[in-house]
Amino acid sequence: MTKVSKELIEKVYRENFSNIHLEFNKIQSYFLIEIYKRYNHDLDKANIVLMFAKNLHQEILRQRDSDLDYDISFDSFWINHLNIKQKKLKLVNISSATKLPKETTRRKIQNLLKSKILKKSSTGIYWSPLESDKQTYNLIIEKHIEILTSLIRNLAEKIKID
């Protein structure tokens, strides 16, 4: 395998900035457009759900602390989702992290609970998307993989590695 230096990557990046930046913008645009659509054209609600999803992903990754063989692959994500106890998030923490006023955060969370995107139990509020939302999520992730692959392929061609 060819060793690639940081300097070479930086040189290739600088020389091909417009192409690489275009690929990166595709990733960002696709992500924002899809999340905007998914949460009824409300980026505040989308941002709140992202916080819960981020929390879940972190809890899944933490499983590796005690079990190095724990499967954190995309294929196991929904199984892990069911088996992980999601950390309780406080309204004030969500408000602070999303930079939304507390009352707006409370209203948005109530709306997400009503639309069954978030669920409430005796231990707190957690992210539990409907089956149809899971399918949409999977399709979005597949598209992200396709776009990221294109970006990596573009870089690899410029660096001249397989």
Side-chain angles (χ1 to χ4, degrees), residues 13 17-155:
Y13 184 83
F17 176 78
S18 348
N19 290 338
I20 295 167
H21 196 64
L22 177 64
E23 294 288 334
F24 184 72
N25 281 338
K26 283 181 190 177
I27 296 166
Q28 288 183 316
S29 296
Y30 183 78
F31 176 79
L32 288 171
I33 289 166
E34 287 305 313
I35 201 160
Y36 180 73
K37 284 190 233 174
R38 197 172 347 145
Y39 297 106
N40 301 321
H41 306 127
D42 187 334
L43 282 176
D44 292 338
K45 286 195 291 188
N47 206 14
I48 290 169
V49 173
L50 276 177
M51 230 186 118
F52 280 92
K54 177 185 167 196
N55 179 30
L56 173 66
H57 284 279
Q58 287 174 332
E59 292 299 320
I60 290 171
L61 290 173
R62 282 192 189 109
Q63 295 303 306
R64 279 278 176 102
D65 292 346
S66 58
D67 179 2
L68 291 176
D69 292 325
Y70 193 83
D71 187 359
I72 58 171
S73 69
F74 176 63
D75 293 334
S76 297
F77 177 72
W78 293 115
I79 295 165
N80 290 339
H81 172 265
L82 293 174
N83 296 327
I84 296 291
K85 183 177 180 191
Q86 295 180 45
K87 187 168 71 176
K88 186 176 179 181
L89 296 175
K90 294 182 180 179
L91 181 71
V92 68
N93 296 348
I94 297 167
S95 172
S96 174
T98 58
K99 308 293 186 236
L100 292 171
K102 285 181 212 156
E103 184 54 31
T104 301
T105 303
R106 187 194 64 73
R107 274 195 326 274
K108 300 287 182 175
I109 288 174
Q110 289 301 321
N111 190 278
L112 288 164
L113 287 166
K114 189 176 183 179
S115 59
K116 297 182 180 173
I117 293 166
L118 296 179
K119 293 195 177 155
K120 192 174 190 174
S121 72
S122 59
T123 59
I125 298 170
Y126 59 98
W127 179 52
S128 183
L130 302 170
E131 199 58 42
S132 59
D133 293 332
K134 289 179 183 180
Q135 297 307 316
T136 303
Y137 183 85
N138 289 347
L139 291 172
I140 291 168
I141 296 301
E142 292 295 334
K143 183 67 175 177
H144 284 166
I145 291 169
E146 180 184 316
I147 296 169
L148 280 169
T149 302
S150 175
L151 174 62
I152 293 166
R153 187 180 322 108
N154 188 348
L155 280 170

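FYI, the numbering just counts along the sequence from 1.
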Query raised in the report: In Å and rounded to the nearest 0.5 Å, what is the CD1 to CD1 distance from I35 to I33?
Result: 12.5 Å
Report summary line: On a heavy-atom basis, the closest approach of Y13 and I20 is CE1-CG2, 3.5 Å
Requested in this report: For S95 and L91, indicate whether the former's side chain and the latter's backbone hold a donor-acceptor pair under 3.5 Å.
Outcome: no
Sequence neighbours excluded and cut-off under 3.5 Å, please list the side-chain donor-acceptor pairs for residues 44-62, or say none.
unit_1, atom_1, unit_2, atom_2, d
K45, NZ, N111, OD1, 2.8
N55, ND2, K87, O, 3.0
H57, NE2, Y137, OH, 3.2
E59, OE2, R62, NH1, 2.8

**Report entry** Over 12 non-hydrogen atoms of neighbours within 6.0 angstrom of NZ in K116
**Finding:** no
**Report entry** L89 vs I125, side-chain contact (heavy atoms from CB on, under 4.5 Å): CA-CA, chis, key distance, verdict
**Finding:** CA-CA 7 Å; L89 296 175; I125 298 170; over 6 Å; no
Report summary line: The side-chain contact (heavy atoms from CB on, under 4.5 Å) partners of S18 (sequence neighbours excluded) come to none
Query raised in the report: Does F77 reach the side chain of I141, with side-chain heavy atoms less than 4.5 Å apart?
Result: no
Report task. Please examine the side chains of N80 and Q63, heavy atoms only from C-beta on, and report whether any two atoms are closer than 4.5 Å. Result -> no
Query raised in the report: Do any N or O atoms from the side chain of T149 and from the backbone of I145 form a donor-acceptor pair under 3.5 angstrom?
Result: yes
Query raised in the report: So, for L112 and Y39, which heavy atoms are closest and what is the spacing to 0.1 Å?
Result: CD2-CD2, 4.4 Å
Taking only distance into account, with no hydrogens and no angle test, what donor-acceptor pairs under 3.5 Å do side-chain atoms of residues 101-109 form with protein atoms, sequence neighbours excluded?
unit_1, atom_1, unit_2, atom_2, d
E103, OE1, R106, NE, 3.2
E103, OE2, R106, NE, 3.1
E103, OE2, R106, NH2, 2.5
T105, OG1, P101, O, 3.0
K108, NZ, D42, OD1, 3.3
K108, NZ, D42, OD2, 2.7

**Report entry** Side-chain (S150) to main-chain (E146) donor-acceptor, under 3.5 angstrom
**Finding:** no
Report summary line: Between the OG atom in S96 and the NZ atom in K90, the distance rounded to the nearest 0.5 Å is 13.0 Å
Query raised in the report: Nearest heavy-atom pair of L151 and E23: which atoms, and what distance?
Result: CD1-CB, 3.6 Å
Requested in this report: List the atom of W127, the atom of Q86, and the distance in Å for their closest heavy-atom pair.
Outcome: O-NE2, 2.9 Å
Query raised in the report: If you draw a 6.0 Å radius around CZ in F24, do more than 12 non-hydrogen atoms from other residues or ligands fall strictly inside?
Result: no
Requested in this report: Determine yes or no for a side-chain-to-main-chain donor-acceptor pair under 3.5 angstrom, with S29 supplying the side chain and K26 the backbone.
Outcome: no
Query raised in the report: Closest approach of W78 and N138, non-hydrogen atoms and distance?
Result: NE1-OD1, 2.9 Å
Query raised in the report: Under a 4.5 Å cut-off applied to non-hydrogen side-chain atoms, are H81 and P129 in contact?
Result: yes
Requested in this report: Go through the steps for D71 and S73 under the test side-chain hydrogen bond (donor to acceptor under 3.5 Å, both in side chains), then give the verdict.
Outcome: CA-CA 6 Å; D71 187 359; S73 69; 2.8 Å; yes
**Report entry** Nearest heavy atoms of K120 and L113, plus distance in Å
**Finding:** N-CD2, 3.8 Å
Requested in this report: Classify the angle between the aromatic ring planes of F17 and H21 as parallel (below 30°), tilted (30 to 60°) or perpendicular (above 60°).
Outcome: parallel
